[in-house]
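These notes are about the structure you will find just below.
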Amino acid sequence: MPDAYILGIESSCDETAAAVVRSGAEVISNVVASQIAMHQPYGGVVPELASREHLRAIVPVVRQALVEANQTYSSVDAIAVTQGPGLAGALLVGISFAKALAFALDKPLIAVNHLEGHIHAVLLEERQKGNHEVQFPVLALVVSGGHTHLYLAAQKNQGWTYQNIGHTRDDAAGEAFDKVAKLLGLGYPGGPIIDRLAPQGDPNAVKFPPAQIKHRDRRDRRGAHEVEPDLPRFDFSYSGIKTAVLRYVEVHDMHDSIEKRRKALAEISKPSLENYLANCNKQTLDLVASFQRAIVEDLISKTLAAARAHDVATLFVTGGVAANNELRRTFEQKGAQEGLPVYFPSRPLSTDNAAMIAAAAYPKFLGKDFAAMDFSAEASFVLR
Ligand code: KG4
Ligand code: ZN
């Protein structure tokens with residue numbers, strides 16, 4: 001089989017990304033233009049601004065990915081692009097550009113589910129390390145700003161299939177990190193900031209009640225949602241812990257100190273850990289550490305319960321929150337105790353990137369599973 005060089009394009013949220021990957025096994029180039037600084041003053045992604053910024057960035061980002069890979073528009077073998085899920089306007093920028101390239105260059109066009117991309121980030125890097133033998137069944141936890149999903153992943157002919165056995169009923173785990181950081185005046189995005197601050201606090205200082213899921217998910221219908229009704233389910237819920245943090249802030253009268261911190265940090269262009277620490281008292285650090293511990297423990301206990309119930313051989317943990325230090329450390333520890341190998345992407349491939357899109361496209365390239373020119377963005381694209 002000759003090598004295939006696939007150009008991947010990703011624009012589903014606040015990163016404009018392009019990459020060239022060889023045969024799903026080697027990152028040749030990986031360019032990510034982040035819009036974080038632009039969305040920071042709003043404490044979250046503003047969809048209109050995101051689309052406009054993607055339009056500005058897409059041409060130079062793709063060009064840079066090709067130059068860094070020593071490739072040209074005409075030398076790549078296929079063009080892969082994220083179809084969804086994500087922000088419709090943002091997705092359309094990548095899709096329109098990819099379609100135009102594929103049409104003009106007469107190259108195959110491959111549409112990729114963003115969540116499948118996160119899963120293939122793990123496979124890509126395992127292959128890059130020389131590990132070509134992943135043991136099945138595989139359970140993948142995809143945990144990011146927009147998603148918290150558990151998928152059983154299987155290989156079928158040349159392609160992959162996925163069964164959803166758990167998802168969040170409300171907020172995604174990364175969303176909880178972002179909302180709590182915003183609430184505490186720590187800035188955006190919250191995950192990386194909380195990750196750095198948590199080791200400075202006492203994770204046992206504040207007790208959060210475990211997330212409770214009482215009723216059946218009313219969306220649990222095949223077709224209307226992505227769940228498999230006959231399989232044991234392991235759902236998540238993170239809006240309760242966010243409300244618990246808010247209540248803690250109110251009960252302990254923390255509003256004034258939060259406002260002071262928000263203003264102080266807003267005046268520093270790129271606050272360092274020292275800047276954050278100078279503006280956080282022990283109570284805040286303890287709250288942050290306890291919040292992170294609660295999320296990490298919940299993600300790990302549910303994922304390991306799902307792994308046991310489905311008797312899986314390998315666990316993948318991927319998506320932006322997979323960059324979290326405590327999550328990685330604890331998953332590795334607990335996985336080792338259960339004899340379950342746990343694979344993560346490197347940190348740059350945990351958060352959104354296009355190498356994962358080009359990697360997920362490779363099995364589709366082999367299976368000639370190409371997209372028609374009239375496909376469109378799917379904001380709530382289901383992974384199956
Ligand atoms: O995968 P991603 O880049 O975009 C989505 O598909 O959502 O994930 C972004 C999310 C944000 O919520 C961000 O706060 C979170 O991942 N995140 C982290 C860390 N780095 C990014 N959460 C916890 N710890 C981190 N180190
Ligand atoms: Zn993502």
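Remember, it's 1-based here, ligands and their atoms both numbered in the order they're listed.
Ligand 1 has His118 within reach: a non-hydrogen atom of the residue lies less than 4.0 Å from it. Heavy-atom distances between Pro192 and ligand 1 reach below 4.0 Å in at least one pair. At least one heavy atom of His114 sits closer than 4.0 Å to an atom of ligand 1.
Within the set Ile193, Asp178, Asp195, Asp352, the minimum heavy-atom distance to atom 6 (O) of ligand 1 is found for Asp352.
From the protein, the heavy atom lying nearest to atom 24 (N) of ligand 1 is Asn324 ND2, 3.0 Å. Ranking the protein heavy atoms by distance from atom 10 (C) of ligand 1 puts Gly145 N, 3.3 Å first. In terms of protein heavy-atom proximity, atom 22 (N) of ligand 1 is closest to Gly191 CA, 3.2 Å. Distance from atom 21 (C) of ligand 1 to its nearest protein heavy atom, with residue and atom name: Gly320 O, 3.4 Å.
Remark: Lys179 fails to qualify as a cation-pi partner of Tyr238 under the 6.0 Å distance and 45° angle criteria applied to the six-membered ring.
For the side chain to side chain contact (heavy atoms under 4.5 Å, CB included) criterion with Leu141, the lone passing option out of Thr318, Leu304, Thr303 is Thr303. Put simply, the residue from Tyr151, Trp160, Tyr162 that forms a side chain to side chain donor-acceptor pair (under 3.5 Å) with Glu116 is Tyr162.
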Going through the checks in order, is the ring-ring contact (aromatic ring centres under 6.0 Å, His included) test met by Phe177 and Phe291? CA-CA 9 Å; Phe177 272 97; Phe291 162 79; 5.4 Å; yes
If you apply the rule side chain to side chain contact (heavy atoms under 4.5 Å, CB included), what do you find for Phe234 with His310, and how did you get there? CA-CA 11 Å; Phe234 300 89; His310 290 276; 4.1 Å; yes
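Between the side chains of Glu68 and Gln64, at least one donor-acceptor pair of N or O atoms lies under 3.5 Å. Between the side chains of Ser12 and Glu10, at least one donor-acceptor pair of N or O atoms lies under 3.5 Å.
Between Leu265 and Asn275, the shortest heavy-atom distance links the atoms CD2-O, 4.1 Å.
Legend: salt bridge (charged side-chain N to carboxylate O under 4.0 Å, His left out) pairs involving residues 245-256, not counting sequence neighbours: none detected.
Looking at Gly146 next to ligand 1, an N or O pair under 3.5 Å apart turns up. By the 3.5 Å distance cut-off applied to N or O atoms, His147 is not counted among the residues near ligand 1.
Within the listing of ligand 1, atoms 12 (O) sit less than 4.0 angstrom from a heavy atom of Gly174. Near Thr351, with a cut-off below 4.0 Å to any heavy atom, the atoms of ligand 1 are 3 (O).
A salt bridge does not link Glu326 to Arg329: none of the charged side-chain nitrogens sits closer than 4.0 Å to a carboxylate oxygen.
Taking the six-membered ring for Trp and thresholds of 30 and 60 degrees, Tyr362 and Phe365 have nearly parallel ring planes, at less than 30 degrees apart.
For a distance threshold of 2.8 Å, the protein N, O or S atoms nearer than that to the Zn ion (ligand 2), listed by chain and number, are His114 NE2, His118 NE2, Asp352 OD1.
Remark: the backbone N or O of Leu184 is paired with a side-chain donor or acceptor of Arg261 at under 3.5 angstrom.
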